[in-house]
Amino acid sequence: MIKLDIINRVAEKTGVPKMKAEQAVDALFHSMKEALTRGERIELRGFGVFVSGKTIRFKPGKDLQVSDHVELSSEPVSED
């Protein structure tokens, strides 16, 4: 599903014109982006939790050159 699909479904479910649905979806995403940028946690019960600055956790890896197992550390996700 892409943003346009969300806009179309909002328009369909609410009966508002697509232009108004697009404005509502844009406002929602903009507000969420701003909150995440400030480091806030967004919790939509029954849907999911969004947190900025999550850490990627790696599973143990293997160095293929020496056939040795290596422990990979966690690294913060950057927005570069």
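Every value quoted in this text rests on a predicted model; they were computed, and no experiment measured them. Values reported hereafter were calculated over all heavy atoms of this structure, with side chains retained and with hydrogens, waters and symmetry mates removed.
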Query raised in the report: Are M1 and L28 linked, directly or through other ILVMFWY residues, by side chains that come within less than 4.5 angstrom of each other?
Result: yes
Report task. For E43, enumerate each residue passing the salt bridge (Lys or Arg N to Asp or Glu O under 4.0 Å) test, keeping only those at least two apart in sequence or located in another chain. Result -> R41, R45
Requested in this report: Report the residues that fulfil salt bridge (Lys or Arg N to Asp or Glu O under 4.0 Å) with E40, sequence neighbours left out, ordered by chain and then residue number.
Outcome: R38
Report summary line: K3 meets the salt bridge (Lys or Arg N to Asp or Glu O under 4.0 Å) criterion, sequence neighbours left out, with D26
Query - Same cluster (ILVMFWY, side-chain, under 4.5 Å), F47 and I42 - result: yes
Query raised in the report: Rounded to the nearest 0.5 Å, how far does CD of E22 lie from CG of L4?
Result: 8.0 Å
Query raised in the report: Just how far is it from atom CD of Q23 to atom CD1 of I7, taken to the nearest 0.5 Å?
Result: 10.0 Å
Report summary line: Nearest heavy-atom contact between T14 and V10 is OG1-O, 2.6 Å
Report task. Report the distance from atom NZ of K18 to atom CG of N8, rounding to the nearest 0.5 Å. Result -> 4.0 Å
Query raised in the report: Given F29 and I6, is the side chain to side chain contact (heavy atoms under 4.5 Å, CB included) satisfied, shown in steps?
Result: CA-CA 11 Å; F29 288 158; I6 296 170; 4.0 Å; yes
Query raised in the report: F50 and L36: which non-hydrogen atoms are nearest, and at how many Å?
Result: O-CD2, 3.7 Å
